[in-house]
Amino acid sequence: MPQHRHAPARICPACDGFASAAVTLGGRDHNGKRRTITAHCRTCQGTGTIPPLRQLLEDAADAAFTR
């Protein structure tokens with residue numbers, strides 16, 4: 001029986017796969033909970049992975065040769 005293998009996901013080099021983080025603003029709200037915001041990685045837009053290398057190269061070539 002053939003096994004279908006998918007290419008492994010490429011982990012984002014900027015965030016090492018930890019694409020979102022809760023950052024505390026200090027202090028607490030009126031219910032006693034910490035005030036936080038969620039920060040997302042700019043490189044991968046919060047997904048933790050990046051497209052396959054082939055897709056990145058095609059996008060770069062399209063951007064370079066659009067004139």
Side-chain angles (χ1 to χ4, degrees):
M1 178 187 299
Q3 292 187 6
H4 300 285
R5 297 184 185 237
H6 297 282
R10 294 182 42 157
I11 296 175
C12 176
C15 65
D16 286 333
F18 295 96
S20 298
V23 180
T24 183
L25 299 174
R28 297 181 182 265
D29 64 8
H30 65 279
N31 291 329
K33 295 181 182 178
R34 291 181 188 247
R35 294 184 298 162
T36 61
I37 60 171
T38 303
H40 298 287
C41 174
R42 290 183 182 182
T43 304
C44 64
Q45 286 91 31
T47 62
T49 60
I50 57 175
L53 184 57
R54 181 179 189 117
Q55 182 66 41
L56 291 174
L57 293 174
E58 288 175 2
D59 292 345
D62 289 342
F65 299 112
T66 55
R67 293 183 184 199

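Since the model is a prediction, treat every value here as computed from it, not as a measurement.
For I11, the CD1 atom is loosely surrounded, since the number of other residues' heavy atoms within 6.0 Å does not exceed 12.
By the side chain to side chain donor-acceptor pair (under 3.5 Å) test, S20 is found to be paired with H40, residues two or more places apart in sequence or in another chain being considered. Contacts of E58 classified as side chain to side chain donor-acceptor pair (under 3.5 Å), with partners at least two apart in sequence or in another chain: R54.
In the hydrophobic clustering, where aliphatic and aromatic side chains (Ile, Leu, Val, Met, Phe, Trp, Tyr) are joined below 4.5 Å either directly or transitively, L25 groups with V23, I37. Cluster partners of F18, using a side-chain heavy-atom cutoff of under 4.5 Å among ILVMFWY residues and allowing indirect links: none.
Pairs of residues two or more places apart, or lying in two chains, never qualify as side-chain hydrogen bond (donor to acceptor under 3.5 Å, both in side chains) while including a residue from residues 25-39.
Note that CD of Q45 is 9.0 Å distant from SG of C12, once rounded to the nearest 0.5 Å.
Scanning all heavy atoms of the two residues, the minimum distance from T49 to C44 falls at O-CB, 3.4 Å.
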